[in-house]
Amino acid sequence: MQVLEDFRLVSGILIETISIIAGDKMQLARKNVQNITPYVGGRPIEEIKRQFRLKEVIKLASNENPLGGSPKAVRAMQKALKSVNRYPDGQGFYLKKGLAEFLKVEPENLVLGNGSDELIDIIIKTFVEDDENIVTSEVTFLEYEIISKVNNKKVITVPLKSFKYDLAGLKNAISDKTKLVFIANPNNPTGTYLTKGQIQDFLKGLPEHVIVVLDEAYDTFIDVDDYPSGLDYFKDANVITLKTFSKGYGLAGLRIGYAIARKEFTSFMERVRQPFNTNLIAQEAALAALGDKAFLKKARRINAEGKKYFSSALKQLGIFYVDSVTNFILMDVQEDGVGLFKKMLEKGVIVRDMKQYNLNNFIRVTIGTEKENKRFISVLKEIKFDKRRAK
Ligand code: PMP
């Protein structure tokens, strides 16, 4: 039984187990669905507590906000609970109005989504014909590829260059069959970003039939001057920008994000989305969170301090890490990342191995609170550098 538990522990392997169980039975799922490697998320805290009989478990695996949700959002949710017998406003009128004022765009430039995950799906369904393809990078947000494949669309991926999107490579990969290009800026899992100049150069001279999706899920943590905002391009170029309340605003559990684009794009995306795709609680919470500047400021400060701490601690340990503008750090642990992930799990620290990306010696760690960051570094030290105690 323990063997089976261990087997399941390793992220990704569960999938193989499922296909073995399926055995020789006739497969009824569509072929493209059979060929999909499922998305493997961070392991939930409660599950690890149960499994290892641990009292305290910290999760630094899903790039969540360690401070909880914005207090203003929490109050708005409590108020909204009274209305859960009603369907939400399918148009998200007040949230769109608030966002439009905040972003200085028209409400018609916005499409709300059940997380930006859902918007990726809506975009593909809205724009990509069956014989068209989608271009993105290797080692980027896996949902671009998974959702494309679910929709039976061909995906072309281009290798990274020095842990960054290779924009020249992406441009080369574009053909007359390419409809969408997904760019995560900053990128997950590397934490790297593309500059204003690089994005502008990329957009210049792109064929008219190509739409570029700039996924800015981590923009709330940015503190560099040359970061480009999709907001500057969507009026003149075929650009759709994705944003989310899951990271800086601390509302990952509510599932709410939005797309910004020209009305000619959003009007068709509105036809594709489900009528009540974002829920009533999430709409109210997101609107309140948008006005909670103090919370966002604190989240940014804690993140910047945590990043500084990680940098110096990792340097001291001689562990290579990729410079990050986000709330997570990709690091080369110089041993099998899955093995290390498992050892850390047993000690109540959940991180993310990078096996899905073929970065076998890497793990990705979300920046947490000061206490969580210290715990991670101390457990890492214990496992890697004090082999006797780790046994
Ligand atoms: N884009 C990127 C680059 C991400 O890393 C994530 C979340 N991991 C998402 C989009 C999805 O965010 P959401 O919670 O809004 O679905």
Side-chain angles (χ1 to χ4, degrees), residues 11 38-44 59-66 69-70 73 92 95 99 110-124 134 136-148 150 157 160 163-165 180-194 199 212-222 227 229-230 240-260 273-274 277-279 281-283 285-286 289-290 299 303 322 324-330 350-352 354 356-357 364-367:
S11 66
Y39 182 83
V40 181
R43 300 282 302 273
K59 185 180 175 202
L60 301 174
S62 299
N63 307 336
E64 294 149 338
N65 193 319
S70 128
L95 178 55
L99 279 169
L110 301 168
V111 182
L112 302 179
N114 190 35
S116 36
D117 280 347
E118 191 202 16
L119 290 158
I120 295 167
D121 188 49
I122 292 171
I123 290 169
I124 293 170
I134 294 161
T136 189
S137 180
E138 285 178 10
V139 192
T140 189
F141 187 44
L142 289 167
E143 284 295 286
Y144 305 145
E145 192 164 345
I146 294 173
I147 300 173
S148 299
V150 170
T157 56
L160 290 178
F163 292 100
K164 290 183 182 168
Y165 267 62
L180 287 179
V181 179
F182 278 102
I183 298 178
N185 195 31
N187 187 29
N188 172 14
T190 58
T192 50
Y193 76 104
L194 299 162
I199 289 289
V212 177
V213 180
L214 293 176
D215 180 349
E216 300 180 354
Y218 298 94
D219 65 338
T220 39
F221 297 108
I222 294 280
Y227 174 72
S229 166
I240 301 176
T241 304
L242 295 182
K243 307 253 194 197
T244 180
F245 284 93
S246 295
K247 310 294 175 185
Y249 293 102
L251 301 180
L254 290 179
R255 316 302 305 122
I256 184 128
Y258 57 97
I260 311 158
R273 72 169 176 83
Q274 298 285 322
N277 63 329
T278 61
N279 71 74
I281 310 279
Q283 286 183 22
L290 205 57
N303 189 59
V322 180
S324 165
V325 292
T326 62
N327 65 338
F328 55 86
I329 301 186
L330 180 70
I350 315 174
V351 297
R352 197 71 160 262
M354 294 283 105
Q356 294 177 89
Y357 301 97
R364 192 197 65 196
V365 183
T366 305
I367 296 163

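Numbers here simply count residues along the sequence, with the first being 1. Each ligand, and each atom within it, is numbered from 1 in the order the structure gives. Every value quoted in this text rests on a predicted model; they were computed, and no experiment measured them. Note: hydrogens, waters and symmetry copies are ignored here, and every other heavy atom, side chains too, is used.
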Practice prompt. For a side chain to side chain donor-acceptor pair (under 3.5 Å) with Arg255, tell me which candidate from Asn114, Thr278, Asp117, Thr244 qualifies.
Written response: Asp117
Item to complete: Kindly assign one of parallel, tilted or perpendicular to the pair Tyr218 and Phe328, based on the angle between their ring planes and the thresholds 30° and 60°.
Response: perpendicular
Worksheet item: Can you list the residues that meet the side-chain hydrogen bond (donor to acceptor under 3.5 Å, both in side chains) rule with Asn187, with sequence neighbours excluded?
Response: Thr140, Thr190
Worksheet entry | Residue pair Asn63 / Arg352, side-chain donor-acceptor N/O under 3.5 Å | no
Practice prompt. Name all residues meeting the side-chain hydrogen bond (donor to acceptor under 3.5 Å, both in side chains) criterion together with Ser137; count only those two or more places apart in sequence or in a different chain, and write none if there are none.
Written response: none
Discussion item. Taking side-chain hydrogen bond (donor to acceptor under 3.5 Å, both in side chains) as the definition, give me every residue that meets it alongside Lys59, ordered by chain and number, with sequence neighbours left out.
Written reply: Ser62, Glu64
Worksheet, complete the sentence: Within the heavy-atom cut-off of under 4.0 Å, ligand 1 is lined by Gly115, Ser116, Asp117, Phe141, Asn188, Asp215, Ala217, Tyr218, Thr244, Ser246, Lys247, Arg255
